[in-house]
A.B. asks: 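One structure is given below, represented as structure tokens, and several questions about it will come after.
All chains are named by letter (A, B, ...) in the order of the sequence lines, taking the proteins before the strands, and each is independently numbered beginning at 1. Here the structure is a predicted model, which is why all the values come from computation and not from measurement.
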Amino acid sequence: MRSAREVAEVLLKALEDKDLQAGLDRSILNSIPLIKGTLKRNPYIEDLAKRVKKAKDEVLGNIEYYIDKTMDNIRRFKGVAHFAKTREEVYKILDEVVGSEKMVVKAKSMVTEELKVREHLIERGNEVWETDLGELLVQLDKSKPMHTIVPSIHITKERSAQLLRGLGFNGGVEEVREMIEFVRRFLRERFVKAHVGISGANSVDANSGAVILVENEGNIRHVTNLPNIHVSIAGVEKIMPSYIDAICQAMVQAANIGTYPPTYLSAITGPSSTADIEFIRLYGVHGPKELHIILYDGGRIKVLKEGIFADQLHCIRCGRCQLECPIWQLAGNMWGGEVYGGPMGVIWTAITEGVEKAAPLALFCLNCGKCKEVCPMDIDIPNMMSELKRYYHDIRTS
Amino acid sequence: MFIDNIRRYRLPLPVEASVLTSWAYDLEIPRDKEVVMYTGGLYQLVPYIQSTVNYLEGLEGRKGVGLAVKIGKALRKVIDFAKVIAKPSRDAVKRQMDILKAIALALRKINVDFGYLYEEEPYSGVLLHDLGMEDEFKKHAKLVVDLFKERGVKKVITIDPHSTYAFKHLYPKFLGATDFDVVNYIEILAKSDFKGRCEDISYVIHDPCIYARYENLIDELRSIIEALNVKYVEPENSRELTYCCGGPIEVLSPRLAKKVAERRVEELRRYGKRILVACPICYANLKRAAGEELEIYDLSEIIARCLI
């Protein structure tokens, strides 16, 4: 287990990182007023958040039942349902479905970061591209996402231009518009050639197996539509009891990011199909011919049973707590584990990497309660931080 | 080091008993009362916390021996402590004493009858809990509860957010129901009908996180200020959305704590030069970050100036 001092050194180093600091300042300055304005203009989001929380209580209280139900209904709508308990099981499924020497396009998704899906598929001899602009920059930068929704806040436009030069971009560092145009052209070829598209899921409806996805760039539409095969990976906590609850979760998430309504809200139930000739339903038309949905446990079910960190599974991954946390504002996801950072990220680190990883991080929680205050799911993060602090001390003294 | 001090001296920093109690002698506050005003030593320690944290900040950048070992060696005894840590100025010490007196006088003004335990007053132990040392905290809390019982304390009037939170929430959580009632002085004052004379000065409110988000003492604070006829401004991060002063991590990383405070100061100064706080920890940290740029006042200082 790392010591408090080792964590302090990482945090103090983050203070010296000028790009990170500038990025953090910009994202805080721009996003918080946007989010507050969005929530003020759409007061019904607060009611929807309450509805989502209740729906999540129902699912998390009966998780096995809902996993089975979701799997059954994915199959009913001609999708292929998978359940993976561990990372290795996910890899095994991907090896079967994707294989090697394929072109793979990816949507940004934290659970695929957690599983290191990109790295695994590359290792298996596939060409893999992140298609969310920010995540593509993170891929090229070989760093980690600094925020759940805006992963590239630590990458300046100068650095972006430099990274894109590696792909053939030859415009100036001030030409952000040109960079976007370049990436659009660059990825367009790959979207068309791709055999497999991989996405996460904002939520999954247990009644239909529908996968809900929120985005603004339009890359997810390509990822989930152009390749022959679409694989969606979702943590089991993303299951919602009904189609409308699943949509509500996506709406609440989008509003708490401040881009509301989102440019695109996709609901995908089964592979593409037609019944236009004699009412006989056939699968595989313009969109994917196969849809695989992997419900991933990764320690979540155990967490639900043990109770200590169960509250975190209500998380809709909006990243609002990150933006509002005084420590995250100074260090970004450098205050975190390998994947998740900030208030929610320290607890997610405890869930996905173990309490020993998370405990020393938790010491730097101010216990100021702001994360809980702004969390649309009212998750008691400070309370779980206290548990981690206690754990740190117990290990140190034993 | 702080833990060791709490074990030995029942306080996070080893200071002479007179530092803690001298304020009360002037007011001749009685000892034996069922209702006591509880300071937890926090206001009295503010000048010493400031010196200590400044000292730690100097050590923080240096490589080599672990910070904890260095400060542990340096600050273990009263004598060593006095040698290493710069002695706070008389003015700084007096100011905190005046704050305590102001709170006591305000309570007297509205006819609250109370005593004070003087050198017997124990520290709440809240720092132990904040650092995750729950077993130590529980043991310490038990001592406090026993002491209150022995001294016949039935009701504790708290004057800072941290002790309030400890007594109201943590003690019952770890020890079950306690035999004494806990009430914060802001709650008492908000319920009374005192008046103040108008001061033509406006203050920017900095809500302590604990009052705002854990104790829901938001409107009470404002009703006191309004009753005093004092003007105030709400910054963007106000009420339930107030912003932390950085204090809770000042012993882990003084530099990081100061950075948090600087962000808050940056916001507050856009609204005005005079800041109203209601927590000794907030006072110490915002002061450390703001220097002479802002004037920081404790609520009780404004009460003392304006109460008729």
A.B. asks: Check whether the side chains of B:Asn216 and B:Tyr211 place a donor and an acceptor atom closer than 3.5 Å, and report yes or no.
C.D. replies: no

A.B. asks: Between A:Leu363 and chain B, with a heavy-atom cut-off of 4.5 Å, which part of the residue counts as in contact: side chain, backbone, both or neither?
C.D. replies: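 Both parts, heavy atoms under 4.5 Å.
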
A.B. asks: To check you understand the geometry: which heavy-atom pair defines the closest contact between B:Glu234 and B:Tyr271, and what is its length?
C.D. replies: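 Looking at all heavy atoms of both residues, the closest pair is O-CE2, 3.9 Å.
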
A.B. asks: Below 4.5 Å, heavy-atom pairs only: which of A:Lys389, A:Glu387, A:His393 has the largest tally toward chain B?
C.D. replies: A:His393

A.B. asks: Check each atom of A:Lys36 against the heavy atoms of chain B and say whether the ones under 4.5 Å are side chain, backbone, both or neither.
C.D. replies: side chain

A.B. asks: So do B:His129 and B:Glu136 actually touch side chain to side chain, heavy atoms under 4.5 Å?
C.D. replies: no

A.B. asks: Name the region of A:Gln329, side chain, backbone, both or neither, that has any atom closer than 4.5 Å to a heavy atom of chain B.
C.D. replies: both

A.B. asks: Would you say A:Ser31 and A:Arg26 are linked by a side-chain donor-acceptor pair, where the criterion is simply a distance under 3.5 Å?
C.D. replies: no

A.B. asks: Looking just at side-chain N and O atoms, do A:Tyr391 and A:Arg396 make a donor-acceptor pair shorter than 3.5 Å?
C.D. replies: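 Distance-only check fails for A:Tyr391 and A:Arg396.
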
A.B. asks: What residue in A:Pro326, A:Pro33, A:Ala331 has the most heavy-atom pairs under 4.5 Å with chain B?
C.D. replies: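 The residue among A:Pro326, A:Pro33, A:Ala331 with the greatest pair count is A:Pro326.
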
A.B. asks: Chain B heavy atoms under 4.5 Å from A:Ile32: which part of the residue, side chain, backbone, both or neither?
C.D. replies: neither

A.B. asks: May I ask you to check whether A:Lys370 and B:Asn237 show a side-chain donor-acceptor distance below 3.5 Å?
C.D. replies: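 Judged by distance alone, the side chains do pair up.
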
A.B. asks: Cut-off 3.5 Å, side chains only: do A:Asp378 and A:His314 have a donor facing an acceptor?
C.D. replies: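 Not at all, the side chains of A:Asp378 and A:His314 share no donor-acceptor pair under 3.5 Å.
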
A.B. asks: Is it the backbone or the side chain of A:Tyr392 that comes under 4.5 Å from a heavy atom of chain B, or both, or neither?
C.D. replies: neither

A.B. asks: As an exercise: rank B:Arg263, B:Lys259, B:Glu236 by heavy-atom pairs under 4.5 Å with chain A and give me the winner.
C.D. replies: B:Arg263

A.B. asks: Is it the side chain or the backbone of A:Val7 that comes within 4.5 Å of chain B heavy atoms, both, or neither?
C.D. replies: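 For A:Val7, there is no contact with chain B at all, as no heavy atom is under 4.5 Å.
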
A.B. asks: Is chain A contacted by the side chain of B:Tyr214, its backbone, both, or neither, given a heavy-atom distance below 4.5 Å?
C.D. replies: side chain

A.B. asks: Could you check B:Cys279, B:Pro280, B:Pro161, B:Ser124 and say which one makes a side-chain contact (heavy atoms from CB on, under 4.5 Å) with B:Leu42?
C.D. replies: B:Pro280

A.B. asks: Side chain, backbone, both or neither: which part of B:Leu241 has a heavy atom under 4.5 Å from chain A?
C.D. replies: both

